[in-house]
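Structure first, commentary second.
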Amino acid sequence: MELRHYINLLRKWLWLIVLCTVIAGTAAYLFSRQQTPIYEATSTILINQARSPVRGTEYADILTSERVARTYAELLQDWPVVELTARQLGFDQDFETIADAYQIALTVDPIRDTQLIELRVEASSPDLAARIANTLPDVFRETNLQRQRERYDVTRGELQAELAAVEADMVATQEAIDRLGDAETAEAKAALGRLQSTLRRYEASYSSLLSSLEELRLSEVQTSDNIVLATPAQVPEDPVRPRPLLNGLLAALVGAMLAVGAALLIEYLDDTVKTPEDVRDVSTLPTLAGVMALNGTTPQRRMIAATDPRSPQAEAYRVLRTNLQFTSLDKPLRSLLISSPGPGEGKSTTVANLGIVIAQAGNRVLLIDADLRRPTLHKLFQLPNGVGLTTALFQIDQPVDWCIQDTGQANLSVLTTGPIPPNPAELLGSERMHQFLQQLEQTYDFLLIDSPPVLAVTDAAILSNQADGIVLVVSAGVTRFDMLARAMERLDSVGGRPLGVVLNRLTERASDGYYYEYQVASQYSSGDDQGDGTGDQRPANGRLRRTRSPKTTGQVS
């Protein structure tokens, strides 16, 4: 597709895009305004990792640090820590109940290539979010220290028990030495020596146990990670969500994108004829004219060429008249069949208005309503339909024009259908019909035949061989591609001569470039007299055409 086509497509569906954008943006904004504001407090935890007594490589230390950071990040969110935090903050309920009440959410992320962990706490209360962010690291530090102390409690207890036993032995030995006092006998001196030797052994054991206990304490300190609250959290002033304005803008953008996608999908699935390019692609026929949709369905509004000759629609019918003149330069058109692929596409309105503009150019025109199933022309011109085409065909002894009625428009007459016969197709395809049309061509300059739709019945295919050319009226945005293609196939199968297509009921959205042409035509018509059917006329091709004096013939009204 060309860029112009996409631009016109966006213009066509601009209302949908704007509507979806406004609805999505407004709904998201109002919904966000009704949500509870959530505040976020952030604190940073520094982990001073204990060094292993066995020195490893730097890469191993890095891996260890990353594992420790990830491990602590998980433990910070573990239920024992958060439950103790809730107790520390003075809550009696469990943390899950508190989290539901205040919409609390914890996020713990190690900061890459550092010994820092970032703790983010979201809550509906800004003060509570900051308190949790500052209290949770302290609780975790105490919990972690308690966990590490428990690793040495057994060994420490055994050492302390042995120290107490050795100390008791030392006191008992010292008391025994004191009771001996100054040994005078050899036996007393020997006993005193033994006691003093035992005391020295106890003192050596006591010193060794004290040294072991001190080494245990040192080892405990060296192998314990130090957790520090590096950056305390501040009480947040502004909520992090919802953000009504941002949410509204994002929703509006999404709504616009969805609307554009829906428009493209609709256009892709839409198989109706809307532009002259569609007509050319399906039927290879030129678009002889494009007519904007009429305002109203009354006969006065539908006869736009007579009631409002300066309108863009009337100018479109004059363009159709001019283009028809150029379709047959070698053999001028005397009879033209107007039909459509399906019913209700505006063929009868086209016949009436085309007849008016051709008559305004000074040609004697006869409109023949050959739609013997759903006649319309007598309604448009508000004429009786007691006699007409069927009457003339059955009463061959009467003059050829005795059933023809005057329309009140100069040079324009109408032959209505007359009584509806039970066999329209046989009647239209009869030799009498062919001869009748030849007689009418000798009296009138131009015959416009309104036939039934091509696909509905076979009447149009039968009449196509009796006219010099065929014009198909296609309703823009209604007639489908397959309908136009099948109509062309049916006319080709009987040897019809389609001259072109009238793209009817165009709108500003569907007409693309045509709309601009009609605006120009409307502005031009408002400042230039288009004539009323008398005197010199200026067709759409810009060349003067002198009117001819009307022929005299007997007509009935």
Side-chain angles (χ1 to χ4, degrees), residues 45-58 60-61 63-65 67-69 71-72 74-76 78-90 115 117 134-230 232:
I45 304 170
L46 173 63
I47 299 176
N48 293 320
Q49 183 183 354
R51 294 297 179 181
S52 175
V54 180
R55 182 174 178 82
T57 62
E58 294 183 359
D61 292 340
L63 292 179
T64 303
S65 299
R67 293 192 184 98
V68 169
T71 301
Y72 283 174
E74 294 296 327
L75 291 176
L76 274 166
D78 203 5
W79 70 269
V81 178
V82 296
E83 291 295 338
L84 289 175
T85 303
R87 301 294 181 271
Q88 187 74 18
L89 293 175
Q115 292 178 281
I117 296 178
N134 291 329
T135 305
L136 186 62
D138 293 338
V139 173
F140 179 70
R141 180 178 61 249
E142 294 298 329
T143 303
N144 191 61
L145 289 176
Q146 178 64 28
R147 187 183 300 112
Q148 292 178 353
R149 280 196 295 265
E150 290 175 354
R151 295 166 52 191
Y152 296 91
D153 283 347
V154 176
T155 305
R156 184 185 301 108
E158 293 176 351
L159 289 175
Q160 289 176 348
E162 291 181 6
L163 277 174
V166 171
E167 185 177 4
D169 292 338
M170 289 175 59
V171 170
T173 303
Q174 184 63 44
E175 290 176 353
I177 292 174
D178 292 341
R179 285 195 299 270
L180 289 176
D182 294 333
E184 296 179 357
T185 64
E187 183 179 354
K189 290 179 178 180
L192 181 61
R194 288 193 299 271
L195 290 173
Q196 290 176 343
S197 177
T198 301
L199 180 62
R200 285 194 294 271
R201 287 197 305 272
Y202 285 151
E203 289 176 349
S205 297
Y206 187 81
S207 177
S208 177
L209 289 173
L210 283 177
S211 178
S212 298
L213 184 60
E214 187 63 26
E215 289 178 358
L216 179 65
R217 291 174 180 172
L218 182 60
S219 175
E220 181 180 358
V221 173
Q222 289 178 344
T223 58
S224 298
D225 297 333
N226 186 21
I227 300 174
V228 180
L229 182 61

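Judged by distance alone, with hydrogens and angles left aside, the side-chain atoms of Ser208 form no donor-acceptor pair with the main-chain N or O of Ala204 at under 3.5 Å. Counting only distance, with no hydrogens or angles, the side chain of Ser207 and the backbone of Glu203 share no donor-acceptor pair below 3.5 Å. Between the Gln115 side chain and the Leu46 main chain, no donor and acceptor come within less than 3.5 Å of each other.
In this structure, CG on Leu213 lies 10.5 Å from OG1 on Thr155, to the nearest 0.5 angstrom. Note that CD1 of Ile227 and CG of Leu76 are 7.0 Å apart. Values are rounded to the nearest 0.5 Å. Taken to the nearest 0.5 Å, the CG atom of Leu84 stands 8.5 Å off from the CH2 atom of Trp79. Here Ile45 contributes atom CD1 and Phe140 contributes atom CZ; the two are 7.5 Å apart, rounded to the nearest 0.5 Å. How far OH of Tyr202 is from CG of Leu195: 10.0 Å, rounded to the nearest 0.5 Å.
Heavy atoms from other residues, nucleotides or ligands lying under 6.0 Å from CD of Gln88 number 12 at most.
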With a cut-off of 3.5 Å and sequence neighbours excluded, list every side-chain donor-acceptor pair involving residues 160-176.
from, atom 1, to, atom 2, distance (Å)
Thr173, OG1, Asp169, O, 2.8
Gln174, NE2, Asp178, OD1, 3.1

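Side-chain contact between Arg141 and Asp138: present, with at least one pair of heavy atoms (C-beta onward) separated by less than 4.5 Å.
Under 3.5 Å, the side chains of Thr198 and Arg201 contain a donor-acceptor pair of N or O atoms.
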